[in-house]
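This report refers to the structure that appears directly beneath it.
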Amino acid sequence: STAMLKKAYWGVAKDGPAADVTSQVTCPNGYPCDVFANAASYGQAKSDLNNRLAVIWTCQPQRFVLSEVVNSGLKVRMDCVGGQPLVPRTISILEATWGAPNGQTVDVTQQVRDICGDSSWRCQVPAMAYIFGQPDRIALTKTLRIRFTCNGQTTPGQQATENSVADLRCERAKDLQ
């Protein structure tokens, strides 16, 4: 399998688009690689333990979009593990929202589509405020909610709380029988 970096983000929620550090991550495309979550790697003189590293990469030929979120001081292992699904099904994003449970939510459908692409068989979406914004000023944990289809069939959807990952998959138990 071939792993290719898609996006990398480093920082805290308020950093917004400035958290994009894709150009500062050096991984040889196609090979497994460690991406370290430390301030010095991204030009920060002082470490902030609230910083998070989110890395998004693609795997071919599996047509996966994988991601991982780690705390400051840890690392992301950018690698492609696992084979192709037994019954390949393409994910299509219907709707995605981001916000606090009792606060304002915003439509982030296009951002999630941009992460997943239009031909993924699996897609992991980091639920990070620096990717989707802060729709309200209330300091509540946000939730990413995603409705999607697999080859046109509606799924129960997926959700993830802030600083975690929504894992969109289309495998079914009967595929293993």
Side-chain angles (χ1 to χ4, degrees), residues 1-86 88-93 96 98 108-134 142 144 146 148 150 158-171:
S1 317
T2 302
M4 302 260 314
L5 177 67
K6 189 167 182 165
K7 280 285 192 185
Y9 299 91
W10 168 257
V12 294
K14 66 179 174 44
D15 291 339
D20 187 334
V21 294
T22 307
S23 65
Q24 297 174 51
V25 173
T26 53
C27 276
N29 280 335
Y31 298 97
C33 172
D34 291 331
V35 183
F36 294 93
N38 63 52
S41 297
Y42 308 107
Q44 293 178 335
K46 190 174 153 194
S47 185
D48 178 347
L49 294 179
N50 292 316
N51 282 341
R52 300 281 184 280
L53 173 68
V55 180
I56 305 168
W57 67 97
T58 60
C59 294
Q60 298 300 338
Q62 300 102 315
R63 291 171 44 181
F64 291 169
V65 178
L66 303 178
S67 67
E68 189 172 346
V69 176
V70 296
N71 294 332
S72 182
L74 300 176
K75 69 180 179 182
V76 169
R77 178 73 172 163
M78 199 178 89
D79 198 359
C80 294
V81 178
Q84 296 189 20
L86 296 171
R89 294 180 183 89
T90 302
I91 293 169
S92 181
I93 305 301
W98 169 255
V108 294
T109 305
Q110 192 55 53
Q111 289 106 305
V112 172
R113 284 179 180 150
D114 290 345
I115 291 170
C116 292
D118 57 7
S119 64
S120 295
W121 292 338
R122 178 179 181 188
C123 183
Q124 295 178 331
V125 183
M128 305 299 293
Y130 49 57
I131 296 174
F132 300 113
Q134 300 200 79
K142 310 290 185 282
L144 175 64
I146 304 171
F148 64 102
C150 293
Q158 196 56 263
Q159 68 179 32
T161 56
E162 192 169 358
N163 298 326
S164 69
V165 173
D167 191 0
L168 313 183
R169 302 175 84 144
C170 291
E171 291 101 349

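These values consider heavy atoms only, across backbone and side chains, with no hydrogens, waters or symmetry-generated copies. Since the structure is predicted, the reported quantities are computational estimates derived from the model, not experimental observations.
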Next item on the list: Measure the shortest side-chain to side-chain distance between Ile146 and Val125 over non-hydrogen atoms and say whether it is less than 4.5 angstrom.
Entry: yes
Next item on the list: Side-chain contact test, heavy atoms from C-beta onward, threshold under 4.5 Å: evaluate it for Leu168 versus Ile93 and give yes or no.
Entry: yes
Item checked: Pairwise distance CH2(Trp121) to CZ(Arg169) - rounded to 0.5 angstrom -> 14.0 Å
Next item on the list: Indicate whether the side chain of Gln44 and that of Trp10 have a donor and an acceptor atom separated by less than 3.5 Å.
Entry: yes
Check: Which pair of non-hydrogen atoms, one from Lys75 and one from Val70, has the smallest distance, and what is that distance?
Finding: O-CG1, 3.7 Å
Next item on the list: Verify, without hydrogens or angle tests, whether Trp98 (side chain) and Gly133 (backbone) share a donor-acceptor contact under 3.5 angstrom.
Entry: yes
Checklist line | Shortest non-hydrogen contact between Asp79 and Trp57, atoms and distance | finding: O-NE1, 3.0 Å
Notebook entry, point to check: Is the closest side-chain heavy-atom distance between Arg77 and Pro32 below 4.5 Å?
Noted result: yes
Margin query: Would the distance check show the side chain of Arg89 and the main-chain N or O of Cys150 forming a donor-acceptor pair, the cut-off being under 3.5 Å?
Written below: no
Margin query: To the nearest 0.5 Å, what is the distance between CD on Glu68 and OG on Ser164?
Written below: 12.0 Å
Note to self: Which heavy atom of Met128 sits nearest to which heavy atom of Asn163, and what is that distance?
What the structure shows: CE-OD1, 3.3 Å
Margin query: Quick one: does any side-chain atom of Thr22 pair with a main-chain N or O of Ala8 as donor and acceptor, under 3.5 Å?
Written below: yes
Checklist line | Verdict with reasoning, Asp167 to Gln124, per side-chain contact (heavy atoms from CB on, under 4.5 Å) | finding: CA-CA 4 Å; Asp167 191 0; Gln124 295 178 331; 3.4 Å; yes
Margin query: Tell me if the CG atom of Asp48 is crowded by more than 12 foreign heavy atoms within 6.0 Å.
Written below: yes
Next item on the list: Given side-chain contact (heavy atoms from CB on, under 4.5 Å), test Val65 with Ile56 step by step and report yes or no.
Entry: CA-CA 7 Å; Val65 178; Ile56 305 168; 3.7 Å; yes
Check: Would you say Gln62 and Cys80 make side-chain contact, with heavy atoms under 4.5 Å?
Finding: yes
Check: Are the side chain of Lys6 and the backbone N or O of Ile115 linked by a donor-acceptor pair below 3.5 Å?
Finding: yes
Next item on the list: Describe, in one word, how the ring planes of Tyr130 and Tyr9 are oriented to each other, choosing from parallel (under 30°), tilted (30 to 60°) and perpendicular (over 60°).
Entry: parallel
Check: Can you name the closest pair of heavy atoms from Asp118 and Thr90 and give their distance?
Finding: O-CG2, 3.6 Å
Notebook entry, point to check: If every non-hydrogen atom of Ala129 is compared with every non-hydrogen atom of Glu162, which pair is closest and at what distance?
Noted result: CB-OE2, 3.4 Å
Check: Okay, side chain of Arg52, backbone of Asn50: is any donor-acceptor separation there less than 3.5 Å?
Finding: yes
Note to self: Are the side chains of Asn51 and Leu53 in contact, using a 4.5 Å heavy-atom criterion?
What the structure shows: no
Next item on the list: Check Ile91 against Cys123 and note the closest heavy-atom contact, atom names and distance.
Entry: CD1-N, 3.7 Å
Note to self: Pair Arg122, Leu66 - check side-chain contact (heavy atoms from CB on, under 4.5 Å), show working.
What the structure shows: CA-CA 8 Å; Arg122 178 179 181 188; Leu66 303 178; 4.2 Å; yes
Notebook entry, point to check: Counting distance only, does the side-chain N/O of Ser72 pair as donor-acceptor with the main-chain N or O of Asn38 below 3.5 Å?
Noted result: no
